[in-house]
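Here's the structure we're looking at; comments come further down.
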2 protein chains.
Amino acid sequence: MDDEIFKALADPTRRSILDELTERSGQTLFEICSRLNMRHGLTMSRQAVSQHLAVLEKAGLVEIRREGRYRFHDLDPEPLRHLVERWTGPRTRENDT
Amino acid sequence: MDDEIFKALADPTRRSILDELTERSGQTLFEICSRLNMRHGLTMSRQAVSQHLAVLEKAGLVEIRREGRYRFHDLDPEPLRHLVERWTGPRTRENDT
DNA sequence: ACTATAGGCAAGTTTTCACTTGCCTATCAA
DNA sequence: TTGATAGGCAAGTGAAAACTTGCCTATAGT
């Protein structure tokens, strides 16, 4: 289960998508495409982005809701919160400088 | 820079290696090999493990120190601490239930 | 009804990654 | 100094992942 999350995070394009959705939630596929192009310098086909979104959805990091002919994408950062605690320990208070 | 860390974490064998080093720091290559085999059911060549360790070292997650003919491996969890904060926000206290 | 927009499906290609194989070097112990 | 142990290098293989291409479906506006 964590496996899908780590694999999803391994790709820089997918991380940029998460960045985009962090900044503006509920974007459509086309919006994400154009913003990846504009702001991250990524030029890739709509299908490529769609496939990335499918990976992110399977990992539970993005929720997709359909309305009419639009598909809106929302970030769900919940699965990320305790992801690396197995190596860092549960608390990081001593590092809060 | 983060890219190497995320890519390093994408492989389940490498995550098992981090688990092993979390439990017992300073293991040699052969120790890691046999413990991956014994405790994680992973049977793979020494070279494969060595390559994984190289990836982990490049990502800054493992430090390697040589003494005589031995090579000891230590975990450095520091780069992991704030890895996902760009999506979760800096604090997760409200989720400490 | 027709057209444009938003998205879906399913090959096929290319690149990247994990892993092996074979041989070589270095340290230590007898 | 011989042999055993710990590890290194580099080319090769196989499979998975990223991305494209071409065509199809569905919703909305006029």
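Chain identifiers are assigned alphabetically (A, B, ...) following the order of the sequence lines, protein sequences preceding nucleic acid strands; residue numbering begins at 1 within each chain. Values reported hereafter were calculated over all heavy atoms of this structure, with side chains retained and with hydrogens, waters and symmetry mates removed.
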Original post:
Checking A:D74 side chain against A:G26 main chain: does a donor-acceptor pair fall under 3.5 Å?
Top reply: yes
Original post:
If you take all heavy atoms of B:P77 and A:T88, which pair is closest and at what distance?
Top reply: O-CG2, 4.0 Å
Subject >> Shortest non-hydrogen contact from A:E4 toward A:K58 >> reply: OE1-O, 3.5 Å
**OP:** Residues of residues 38-55 of chain A with any non-hydrogen atom less than 4.0 angstrom from an atom of DNA chain C: list those, numerically ordered, please.
**Re:** A:R46, A:Q47, A:S50
Subject >> Nearest heavy-atom neighbours spanning B:V49 and B:L29 >> reply: CG1-CD1, 3.8 Å
Subject >> Non-hydrogen atoms of A:R15 and A:L9 that approach each other most closely >> reply: NH1-O, 2.7 Å
Subject >> NZ/NE/NH1/NH2 to OD/OE distance under 4.0 Å, A:E63 and A:R65 >> reply: no
**OP:** State, to 0.1 Å, how close B:P79 and B:G60 come at their nearest heavy-atom pair, and which atoms those are.
**Re:** CG-O, 3.4 Å
Original post:
Between B:P12 and A:K7, which heavy-atom pair has the shortest distance, and what is it?
Top reply: CD-NZ, 4.3 Å
**OP:** Output the residues of residues 15-30 of chain B in contact with DNA chain D, where contact means a heavy atom of the residue under 4.0 Å from an atom of the strand; sort by number or write none.
**Re:** B:T28, B:L29, B:F30
Original post:
Does any N or O in the side chain of A:R35 come within less than 3.5 Å of the main-chain N or O of A:L21, such that one atom is a donor and the other an acceptor?
Top reply: no
**OP:** Whole angstrom is fine here: how far is it from CZ in B:R14 over to P in C:dC17?
**Re:** 9 Å
Original post:
Only one of A:N37, A:I17, A:T13 clears side-chain contact (heavy atoms from CB on, under 4.5 Å) with A:L42; which?
Top reply: A:T13
Original post:
Taking any atom under 4.0 angstrom from a heavy atom of chain A, which nucleotides of DNA chain D are the first and last to qualify, 5' to 3'?
Top reply: D:dA17 to D:dA28
**OP:** Starting from P on C:dT15, measure out to CG on A:D11 and report it in whole angstrom.
**Re:** 16 Å
Original post:
Which comes earlier along DNA chain D counting from the 5' end, the contact point of A:Y70 or that of A:K7, where each point is its nearest nucleotide?
Top reply: A:K7
Original post:
To the nearest angstrom, how far is B:R66 atom CZ from C:dC28 atom C1'?
Top reply: 13 Å
Original post:
Would a 4.5 Å heavy-atom cut-off, applied to side chains only, mark A:E20 and A:R39 as touching?
Top reply: yes
Original post:
What's the CD-C1' distance between B:E67 and C:dA26, to the nearest Å?
Top reply: 16 Å
